[in-house]
Amino acid sequence: MIVSTLSRPNRKFKDTDYFSVKTETYFLMPFRFHRLNSQREVVVNEVGDHLVYPTGTVARIIGREIDKQLDSELYADLIAGMFISESPIPALIDVLATRYRTKKSFLDDFTNLHIFVITLRCEHTCHYCQVSRVTTDKDAFDMSKKHIDRGIDLMMESPNPFVTMEFQGGEALLAFDNIKYAVERTKRLAVSYNKKVTYVICTNLAVITMEILEYCKENGILLSTSLDGPGFIHNQNRRRPGNNSYELTVAGIEMANNVIEKDSISALMTATNLSLAHPIEIVEEYRARGFDSIFLRPISPYGFALSNERKNKYAMDDFLSFYKTALQHIIAYNLKGEFFREQYATIILKKILTPFPVGYVDLNSPAGAITNVILFNYDGNVYATDESRMLAESGDYTFRLGHLDSSSYEEIFYGERAMEIAEVMTNESLPGCSECAFQSYCGSDPVHNHATQGDIWGYRPTSTFCRKNMEIIRYLIELMDGSEEITKVFESWIR
Ligand code: SF4
């Protein structure tokens, strides 16, 4: 068969003249762009500086149509932000490099957060619980002293002079004796290893006592609890005998506020289907409890949470509507002079508006898994993140890095599994993310990719992680672009 060469696409390289840069124009520096809405678009450089312009400006920048005289202000802003340069390599390129290193300096000291799942026992039966919960057989579901010791030893091996030791469950306070044992041993070793340790207990507060609070106060231990909203939401989500989880949590928060420092207790909410209809009531509950912030979180779509789809499964866009309504409500308070912030927005705003690193484990590139967080499970298994052990509880051991009985520090943190995960930890090299304008504000989450899409690379067009972050980042920039007052509110949140 004869194929006409005329019908083939022309694959010939263009002449070098085509690619040469006219000397009278400028050079493009690396930047990415995103359409915010039909009127506005944002350009973001390698270190996260952003500029918002009318739609069509990016095409003009790329087409070398920005005129130094006619568009003098725009031209100056693009030069100052190193979006364009008058020489192939700008004179201040080292400044850009330093700023890039600063943004990534959360990596300098390696792992900070060491999670100890001190027990799997719990007296709650929350329908979105990510892990199994067991009320009996203490020996089988509490972390053994041998494993606590080994976990502490590994934590002391971390190159990071500042480490956080977080006790999780189940309900961690059911194993309070083991927590005390772990804290006392860590205190002794921290002196010889010259480590500053922050202690955190994650607790539903149902079994808190004055004795426990006094111990927390003495040792500067922080408490992190769950508060899903007013009683009719919290008690639906977080079941326990007597259906009084809300009452116990609120009483526990009050007790804690009276005994330990006010800032020593924080709360997290998880949005279920029921929550999505009540954004205002949830924000009001946090204000009523004396908190000056709230962290609006969707449910983690894996583990046992999936076994109750009616209560826990919803479209990410439904969460985003909930999130925006709550955020608008919060902003309105701030505009009236009351300081109250949303924590996820605050994390992203720090990335957008400051040159500093933000070491939030769920929104980092490289991902927070291993580099920032490690988890020692009650049974001695070691996992890359908290979410990894949730997967393991439903039989998926993809992110198991080793065992406290047998694995060395090197085998856990630099072993074969850790290296495989490391390949997909940087969004700079992930398909979709590598061209995304919001890359420096976002992160990568191999555990989420694996759990929701079946492979650790993930597929951005259908990723709920991507959908959530892209829309929240776009929305925050759009809000700042539309209102100087809101920009001032956001600036107050990051100070
Ligand atoms: S996950 Fe989505 S929003 Fe985040 S960097 Fe990747 S493409 Fe951008």
Side-chain angles (χ1 to χ4, degrees), residues 30-37 40-52 58 83 100 103-104 106-107 296-302 315-321 323-324 327 342-354 357-369 371-373 384-385 387 399 421-481 490:
F31 66 82
R32 299 173 188 83
F33 48 91
H34 188 93
R35 187 162 289 182
L36 288 180
N37 50 47
R40 308 285 280 170
E41 58 197 17
V42 60
V43 288
V44 186
N45 70 9
E46 283 290 288
V47 293
D49 297 334
H50 76 286
L51 296 169
V52 181
V58 172
F83 293 89
Y100 193 84
K103 278 269 180 187
K104 298 289 184 189
F106 60 86
L107 287 169
L296 299 165
R297 296 190 312 163
I299 218 156
S300 295
Y302 28 89
M316 183 50 74
D317 280 4
D318 292 339
F319 173 79
L320 289 167
S321 300
Y323 182 87
K324 287 178 192 174
L327 190 67
E342 200 286 309
Q343 290 184 31
Y344 197 64
T346 305
I347 289 163
I348 292 172
L349 289 165
K350 277 186 189 162
K351 289 175 171 244
I352 297 175
L353 298 174
T354 79
V358 181
Y360 175 62
V361 295
D362 292 344
L363 210 55
N364 269 356
S365 176
T371 63
N372 208 324
V373 58
T385 61
E387 292 75 16
F399 297 94
I421 300 168
E423 276 185 27
V424 291
M425 277 171 38
T426 50
N427 66 3
E428 287 86 347
S429 62
L430 286 180
C433 301
S434 61
E435 309 91 49
C436 177
F438 301 151
Q439 184 193 91
S440 55
Y441 312 141
C442 194
S444 72
D445 192 341
V447 183
H448 187 101
N449 294 342
H450 170 80
T452 58
Q453 298 189 301
D455 78 275
I456 55 178
W457 293 87
Y459 178 61
R460 251 50 64 196
T462 55
S463 157
T464 49
F465 175 85
C466 178
R467 175 73 190 133
K468 178 179 95 167
N469 290 316
M470 192 176 281
E471 181 53 17
I472 292 178
I473 295 166
R474 187 204 68 78
Y475 188 59
L476 293 173
I477 296 175
E478 186 180 54
L479 286 174
M480 288 190 282
D481 183 47
F490 286 171

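Not measured: the values here are computed from a predicted model. Every number for a ligand or one of its atoms is a count from 1 in the order of the listing.
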task = Can you label the angle between the His50 ring and the Tyr441 ring as parallel, tilted or perpendicular, going by 30° and 60°?
result = perpendicular
task = Looking only at protein heavy atoms, identify the closest one to atom 2 (Fe) of ligand 1 and say how far it is in Å.
result = Cys466 SG, 2.4 Å
remark   = of all protein heavy atoms, closest to atom 7 (S) of ligand 1 is Arg460 CG, 3.5 Å
request  = Using the six-membered ring wherever Trp is involved, compare the ring planes of Tyr323 and Tyr344 and label them parallel, tilted or perpendicular (cut-offs 30° and 60°).
outcome  = perpendicular
task = Could you grab the distance from atom CD1 of Ile348 to atom SG of Cys442, nearest 0.5 Å is fine?
result = 7.5 Å
ask   = With a cut-off of 2.8 Å, does Cys433 place any N/O/S atom under that distance from atom 8 (Fe) of ligand 1?
value = no
inquiry  = Under 4.0 Å from a heavy atom of Gln439: which atoms of ligand 1 are those, numbered in the order shown and with their elements?
reply    = 5 (S)
request  = Mark yes or no for whether Lys103, through its side chain, and Gly48, through its backbone, hold a donor-acceptor pair below 3.5 Å.
outcome  = no
inquiry  = Any N/O/S atom from Cys436 (main chain or side chain) under 2.8 Å of atom 2 (Fe) of ligand 1?
reply    = no
task = Would you kindly specify which portion of Cys442 sits under 4.0 Å from ligand 1, judged on non-hydrogen atoms: side chain, backbone, both or neither?
result = side chain
message = Against Arg32, only a single residue in Glu428, Glu46, Glu435 fulfils salt bridge (Lys or Arg N to Asp or Glu O under 4.0 Å); can you say which?
response = Glu46
